[in-house]
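Everything on this sheet refers to the single structure shown next.
Treat the numbers as computed from the prediction; the structure is a model and nothing was measured. Numbered from 1 within each chain, the chains take letters A, B, ... in sequence-line order.
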Amino acid sequence: MTNDVTLQVATANGSGSQSSNTVLLRSLFQMGIPVSGKNLFPSNIAGLPTWYTIRASRDGYVARKKEVDVLVAMNPETARDDVAALPPGATVIYDAPLALEGSRADLVYYPVAFDAVVEPITGEAKLRKLLRNMAYVGVVARLLDIEMAEVETAIGRVFGQKARARDLNLAAARAGFEAAGRLPRRHPHRVARMDATRGKIVVDGNAACALGALFAGVTVVAWYPITPSTSLVETLSAYLRRYRHEPDGKATYAVVQAEDELAAMGMVLGAGWAGARAMTATSGPGISLMSEFAGLGYYAEIPGVVFDVQRVGPSTGLPTRTAQGDVISTALLSHGDTQQILILPGSVEECFSLSIEAFDVAERFQTPVFVLTDLDLGMNNWMAEPFAYPERPMDRGKVLGKDELEKLGGFARYRDVDGDGIGWRTLPGTDHPRAAYFTRGTGHDETAAYSERSDVFTANMDRLARKIDGAREALPAPVLRGGGDARVGILAYGSSDPAVRECQDQLRAEAGLATDYLRVRAWPFSRKVRDFVAAHDRVYVVEQNRDGQLGALLRLDLPPEHGPRLRAVAHVTGLPLDARSVTDAILARERS
Amino acid sequence: MTNDVTLQVATANGSGSQSSNTVLLRSLFQMGIPVSGKNLFPSNIAGLPTWYTIRASRDGYVARKKEVDVLVAMNPETARDDVAALPPGATVIYDAPLALEGSRADLVYYPVAFDAVVEPITGEAKLRKLLRNMAYVGVVARLLDIEMAEVETAIGRVFGQKARARDLNLAAARAGFEAAGRLPRRHPHRVARMDATRGKIVVDGNAACALGALFAGVTVVAWYPITPSTSLVETLSAYLRRYRHEPDGKATYAVVQAEDELAAMGMVLGAGWAGARAMTATSGPGISLMSEFAGLGYYAEIPGVVFDVQRVGPSTGLPTRTAQGDVISTALLSHGDTQQILILPGSVEECFSLSIEAFDVAERFQTPVFVLTDLDLGMNNWMAEPFAYPERPMDRGKVLGKDELEKLGGFARYRDVDGDGIGWRTLPGTDHPRAAYFTRGTGHDETAAYSERSDVFTANMDRLARKIDGAREALPAPVLRGGGDARVGILAYGSSDPAVRECQDQLRAEAGLATDYLRVRAWPFSRKVRDFVAAHDRVYVVEQNRDGQLGALLRLDLPPEHGPRLRAVAHVTGLPLDARSVTDAILARERS
Amino acid sequence: MPPTATTAPRQNRIGLTVVDYRGGKTTLCAGCGHNAISERILEACYDLGVASERVAKFSGIGCSSKSPAYFLSRSHAFNAVHGRMPSVATGALLANRHLLALGVSGDGDTASIGIGQFVHLVRRNLPMVYVVENNGVYGLTKGQFSATADMGSVLKGGAVNDLPPIDTCALAIQLGATFVGRSFSGDKKQLSAMLKAALVHRGTAFLDVLSPCVTFNDHEGSTKSYAFLKEQVEPLQEISFVPAFEDIAVDYDPGTTVAVRMHDGSQLRLRKLEAEYDPSSRSRAVARLLESAGEETVLTGVLFADPDAPDFLTRLGTVEAALATLPERAVRPPRAALDEVNASLR
Amino acid sequence: MPPTATTAPRQNRIGLTVVDYRGGKTTLCAGCGHNAISERILEACYDLGVASERVAKFSGIGCSSKSPAYFLSRSHAFNAVHGRMPSVATGALLANRHLLALGVSGDGDTASIGIGQFVHLVRRNLPMVYVVENNGVYGLTKGQFSATADMGSVLKGGAVNDLPPIDTCALAIQLGATFVGRSFSGDKKQLSAMLKAALVHRGTAFLDVLSPCVTFNDHEGSTKSYAFLKEQVEPLQEISFVPAFEDIAVDYDPGTTVAVRMHDGSQLRLRKLEAEYDPSSRSRAVARLLESAGEETVLTGVLFADPDAPDFLTRLGTVEAALATLPERAVRPPRAALDEVNASLR
Ligand SMILES: Cc1ncc(C[n+]2csc(CCOP(=O)(O)OP(=O)(O)O)c2C)c(N)n1
Ligand SMILES: Cc1ncc(C[n+]2csc(CCOP(=O)(O)OP(=O)(O)O)c2C)c(N)n1
Ligand code: SF4
Ligand code: SF4
Ligand SMILES: [Mg+2]
Ligand SMILES: [Mg+2]
């Protein structure tokens, strides 16, 4: 049982446990052990229960694992329930006054008198409360064989310049480590140094998207705060401040906190129209509020990038839980016949690289592009390869400048001169008397003039359909895992990726079931998606929503005779997806 | 060629031609001839081209017919194009100065010097301009054998109490009639009295929906003006003023013009929550703006009725043209997993009766209900059977009052006590200490208390899915036309109905093709819809949008193996659907 | 009432104890100004003997908007979406004009995303109590500036606000609210009196209550911290409230005190601390507030009161009974009406 | 310039004729106030020698919002969705700070659905000309009351407005606009001068221009009819505008005339008709407007001007060049930056 352990820490939010958990995560990472962390926090600021799960996996599995091996029970409010939920044989480290030892006979108990442990460190009661949380780090380190040196490095890193805080926390961790030395060791789990994280980084998806936007050369950011997207823009702002000022101090970007999401989207369209790389970030409720503008963007053909860090809906829903529930409503966002391009990163690496692509796609296709991530991907920490510098120059799309206009003698904004459905545009401010055109959400002809004519309308709508259809192969292509020759396929996207990979291994190991797994990364779908379905008898579409939303888009896209091959594995619990649930669901269907 | 004629009048809007066209329509109606009128008007207030098409059909066809038999060309701006679009052999009545006679050799021309015709009637130039339009009524009457007595009755009706206007218009019509007497008759079309409209009424769908709401006992109306829904609420307000004041003058309703559509929907939900029958009316852009609230309504389970009189989208689109383009975005309106009930009236009779049902459904299922009509149904005049008084009492749904609470000792708002997924609710103001509950768009348990628990969330979402699924057979059932034993099926809804009926006849007459036609009247679909597809080899899904939106919902609802049976006949031109286009599309597919 | 010797809990005039007005346990941060306001609301309702069953609580989204869960659990409540409390409250009142509507919103919820609905609510003079718990930041999303943040106020991370704040009181007065006040969560007495007056007022009673966010906006450099406000709050009047059911005849000096007779006969007494301030003039009240804009001083008190202006529901001319529960015979016109309509369409 | 004897069309200082400033043929009703305003805008741009290529026109939805199609066809234009012109204009200006933004909206578009974005635009002092063509109704949807309709105004069908109007000027002044005026589509001279000042102003220049709807709100009983306005409009000043490129040194009497020096050196001269009116004080301007609320008189003129206040774009501290067209090397940080970032995440 080395390097295969899931640890859960139960505390209250606002109690400083976030730092402790980061220290644990980083210590394992520094020991070269693949690790992942999932923060389960409530939608308030302080005092409500929080759980943090850390999984160390020698096999590199980073999906959430439902079965907890070691529980650190610090929260009196949830301790009994937390213990009740453990599998037999699990280990419980707990604050001694909680007296959990009687609750179940099939567990290993380690009571620790945390108050006593931290008592010697400081006289300040408030501080002691925080330090209790660093004390459990020491206890866990001792019991799991995490190297104290790495813990100390991690503490140094987390507390950075704040010398006093660092020293106090070091003391607390050591005190916990000492205290745990007196516990008789009766549990099987331990970790040991590996070499599986060398060169890797640890980062959350929101930061990765922010960095993508930064290196995409975003210039206008308009946003309105909403969990779980807030940190995307806040991180981006920090990076912009660092990397996007000229020597004279002037900024090459503008970040504006708008009054709401309607305004944020309006600003994005205004800026995109005027030629900027513009973006916003939001979550479900914001997407709903952007509906009207999204239709304008589609119909008037204006670039812009919208990050939707999905949380659990409908409505306000569970703001601090993860889901993939905005897929279909975003793809069809707005009244009338609309189609919005979706980009679906499946890792923090892709949060970076596909965000860069999103800006290219938006300008190339002159349309809003929605990058859908979710709370799990966006707010949790993930191991990743270092971000790769973009090799391709920016694609700013079809823009006519003064000189081209002079040569051409004019242009027609919505004329399909290149056969790809994409017209040429000019930017306001272009110093040429023929540069101007009139942008509107009402019916218009090729020259952008107002028109109510049926034939003009229909031709324009057909061109729009062609344009979006033409994006299929220009969008990030789906990624295949498996030989491609299995009879059973799995199709998934976004943050489901690690669970599905692990599930594939479980299916093979437990039931001898070989599968191919296609990870979709955009809508409209590449034709490879159809081919994948065509090549498999059954395709399980795994997603984190109730209604099987991507599956629905897929069914509408497939040749109808392939519809019967699809099987939905669609659930939303608010928790990051785990492999076991998917494996069980697939096996149940395979066996029935 | 008796009683089979399509007349098109081309004028500029704001020129008073609306009254003239109504007089023509009513005259034919009064002669017992089935008739329909389609107004094609621009999205401005005065001066732009307008066309009005009147079809008299002894066979009772009331869909738009593309082929115009008789054109009345009054608008210099469009006259040449209008003439160019005519089929060979058509007749052109035109203002003499337009000198259209040379434009094509295959037409019958009747120049009329309208200025001279109305000159003797009044000295006021401005008035004369209006009267020219009533003069063409007289000309048409003479040339088509419309009885002048009926024209005079119709004028009397249209101008009502305004004696002077009536007399002037009578004079103008007579002058036109006289003038036409001097024209050598060279065209084949005429009409003659029938007995096919006895007892019928003439009304537009917006008025019918308004009357439905009136007799549904609507009490709170919150709205924001938008074409083509405006007249729905304005007509409703007039009826409310007439029929819904107590003897002391007090109103049993409130109509509030909100500041926008977000607010209108918020008011509807607030009122529905507090127990009122509440409604709003809007069109596409308003639906987009209501997205966030629609999700709240679904998730917090609040009744309310939203009329969406569809116009051409996306975005502002063609505000004065008709379409069925909001179907899929409304069905899935809002982020997260949401499902909104749609009701789809297919005639003005159903605008009345299904509007009444919509209020029952909303309160029974405690959810927003969207009644989707369109500009064609809503703003054009249709013949209809007189409205039938509702025989069923209002269904106010599951509401617990003070006495029930006293007996039960309390309640849990979202508990599925009856197995239908529908909880019992209480209304604010209920005078019982156990009546209160807390309505929210965040996660909640059965008692409506805040909850972030996965199991609670999932159970609630599953109940919601069951609840909406349970509405399938409670919603207006689909209507079958045909024996049910044809191999080819047609599926359509809403204002497509008359064109599809005519198309069925054309298919039989022209190609010997027997079809069954199922008209869908609600989503989620009745199981009869699946059965229909199961019973037919091919099913053409006819709709007035580009992307085949109802077809998409259908494909998602069918057993996948029936997907291949569906064939989309989906187009949006902005004009009311005509049978010929549908027939041609189906025949092309049948023959290929 | 003289205190009794027994240990039976005190009861208000409708026989309820304070406990009957409680709500759920707060999940806001300890020390959050919003919690103090919840307490004051609960007490004011208790003191006035408000029947909780008649109350409908409304809110939007934010820490502040959570607070209706923490008082009056016997009242129905509607926690709407962000910034849209006004329309939901309007709808509910249209349905049932007898509800006593009590709204709690935040400065972000009202002045940022919600300013449009706020403007129109106020313009209609919708009869409700509308409290903004104003901390100058979005608490629930971790402390970004809201539109009421003062110029120059500094965030924890160092960001400085360079936009002028929206003065929601000045706005409300300008646009038609009929009872407008500003208070501070830390000023128990003033806030209580103002809440009571607001509760008996028939029209839009708008209260902007400064309510520090201890977690994100209570530091040095913030103009919405406890320390700053304790220093800078400047009451325009000393306020007391005499409910209609108590003896109004107590003396006061009309030279120094303005007595406002509320719609229900209660009396609001404003002993002037700023002699010239006149809460009966919209134009002068707004001018005074605009003059103080940019100053550090925060004027509190009753800023404007017009207790007799007609409210929105009254103007609608509906029947006395709640529209929501009118019986079928009152809202479905008779068969003869439909016959008449059909005849008119023939 | 003395008139020349030749028939060559007059040219402005950048060598263009009036025709170069024209737009498409109007599709508004004959006599609509909006058409007159389009004419004034076109003339003002011609007179000032504005380069159309630098202008970006914005609007929302309504008859008024259609009007940008009827002037300056050499300028880019963005006809947005209903009530949302402010955010679109904001975005465009963020992208390119050198655009001269010229917005035309309606009273419904701004004061009803759009009031939220309007408030925030004004608060930011976004540098643009923002004209509301105010007819008190929704023209394009056939004449319902908008939120600027006066109390007691009567619709053609007989409906009477019983809500107070939103005074968008008072609001704009209160919230931070730096140039605010009210005019009347029928007052050529005043409107022209005010438009020119607005065009050279750097900040939010807000003009509420009364603009009768001849089709739906020009009857007896309307307070926005030509007849009513001709009677009731009361200018606060006689206004003239001296552009920077003309000779400013012409005399005026500082006792009766206020001269406002605009940002670009132009001069706005206000000969006072109401002696006490002071367009440099926000609080007094708002108070004066509120005092006149309810009166039939419509005060016009320059209501407030603060030509030197910092505008939104300046405050952002961006580079001088338009962000939209910065080259890749200016906006994509170098490889070393990414290396640094990666290192920090290790
Ligand atoms: C449409 C929408 N946008 C954004 C959010 C995220 N959000 C939740 S609360 C809040 C701001 C709350 O600020 P305020 O009203 O001042 O309340 P406080 O928390 O400060 O009491 C925001 C932006 C949301 N819930 N819904
Ligand atoms: C979201 C949305 N709601 C409603 C409409 C319908 N609509 C078009 S213009 C208009 C009002 C225009 O009034 P105003 O701004 O005063 O312009 P006016 O026509 O009077 O010049 C409305 C409600 C719309 N286009 N979009
Ligand atoms: S974050 Fe601020 S506003 Fe929210 S509960 Fe805590 S102290 Fe109050
Ligand atoms: S309807 Fe009114 S506002 Fe619209 S164009 Fe005509 S006159 Fe102008
Ligand atoms: Mg706040
Ligand atoms: Mg208007």
Which bit of [X] is near chain B, if near means a heavy-atom gap under 4.5 Å: side chain, backbone, both or neither?
{"X": "C:T318", "answer": "both"}
{"X": "C:L338", "answer": "both"}
{"X": "C:S73", "answer": "backbone"}
{"X": "C:P86", "answer": "neither"}
{"X": "C:A69", "answer": "both"}
{"X": "C:R123", "answer": "neither"}
{"X": "C:A89", "answer": "neither"}

Residues in salt bridge (charged side-chain N to carboxylate O under 4.0 Å, His left out) contact with C:R40, at least two apart in sequence or another chain: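 C:R40 satisfies salt bridge (charged side-chain N to carboxylate O under 4.0 Å, His left out) with C:E43 only.
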
Using salt bridge (charged side-chain N to carboxylate O under 4.0 Å, His left out) as the criterion, list what pairs up with B:R242, not counting sequence neighbours. C:E340

Once rounded to the nearest 0.5 Å, what's the spacing between atom [atom1] of [X] and atom [atom2] of [Y]?
{"X": "B:R440", "Y": "C:S65", "atom1": "CZ", "atom2": "OG", "answer": "12.0 Å"}
{"X": "B:W273", "Y": "C:F58", "atom1": "CH2", "atom2": "CZ", "answer": "4.5 Å"}
{"X": "B:I201", "Y": "C:L345", "atom1": "CD1", "atom2": "CG", "answer": "5.0 Å"}
{"X": "B:M265", "Y": "C:S87", "atom1": "CE", "atom2": "OG", "answer": "10.5 Å"}

I'd like to verify something: which residue of [options] has the highest number of heavy-atom pairs under 4.5 Å with chain B?
{"options": "C:M85, C:R335, C:H120", "answer": "C:R335"}
{"options": "C:A95, C:A343, C:A77", "answer": "C:A77"}
{"options": "C:H98, C:R124, C:K57, C:E320", "answer": "C:R124"}
{"options": "C:L100, C:L99, C:I61", "answer": "C:L99"}
{"options": "C:A56, C:S75, C:S52", "answer": "C:S75"}
{"options": "C:D20, C:L72, C:V81", "answer": "C:V81"}

Heavy atoms only: give me the nearest [X]-[Y] pair and the separation to one decimal.
{"X": "C:A330", "Y": "B:R244", "answer": "O-NE, 4.0 Å"}
{"X": "B:R396", "Y": "C:L326", "answer": "NH1-O, 4.2 Å"}
{"X": "C:L94", "Y": "B:A254", "answer": "CD2-CB, 4.0 Å"}
{"X": "C:E328", "Y": "B:M394", "answer": "OE1-N, 2.8 Å"}
{"X": "B:F215", "Y": "C:P334", "answer": "CE2-O, 4.0 Å"}
{"X": "B:L262", "Y": "C:Q117", "answer": "C-NE2, 3.9 Å"}

Within-4.5 Å side-chain heavy-atom neighbours: [X] and [Y]:
{"X": "C:V319", "Y": "B:Y253", "result": "no"}
{"X": "C:V88", "Y": "B:F293", "result": "yes"}
{"X": "C:V341", "Y": "B:F352", "result": "no"}
{"X": "B:F438", "Y": "C:H76", "result": "no"}

Backbone of B:G199 reached by a side-chain donor or acceptor of C:R346 within 3.5 Å: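 Yes, the answer is positive, given that a donor and an acceptor are paired below the 3.5 Å cut-off.
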
Using a 4.5 angstrom heavy-atom cutoff, name the option from B:L211, B:D248, B:L269, B:V399 with the most pairs to chain C.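 Heavy-atom pairs under 4.5 Å are most numerous for B:L211.
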
Closer than 4.0 angstrom, basic N to acidic O: yes or no for B:K402 and C:E53? no

Chain C-proximal positions within residues 382-390 of chain B [heavy-atom distance under 4.5 Å]: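 Heavy-atom contacts from residues 382-390 of chain B to chain C are B:P386, B:F387, B:A388, B:Y389, B:P390.
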
For chain C, find its close neighbours in residues 424-431 of chain B: heavy-atom separation under 4.5 Å, sorted by number, or none. B:T426, B:L427, B:P428, B:G429, B:T430, B:D431

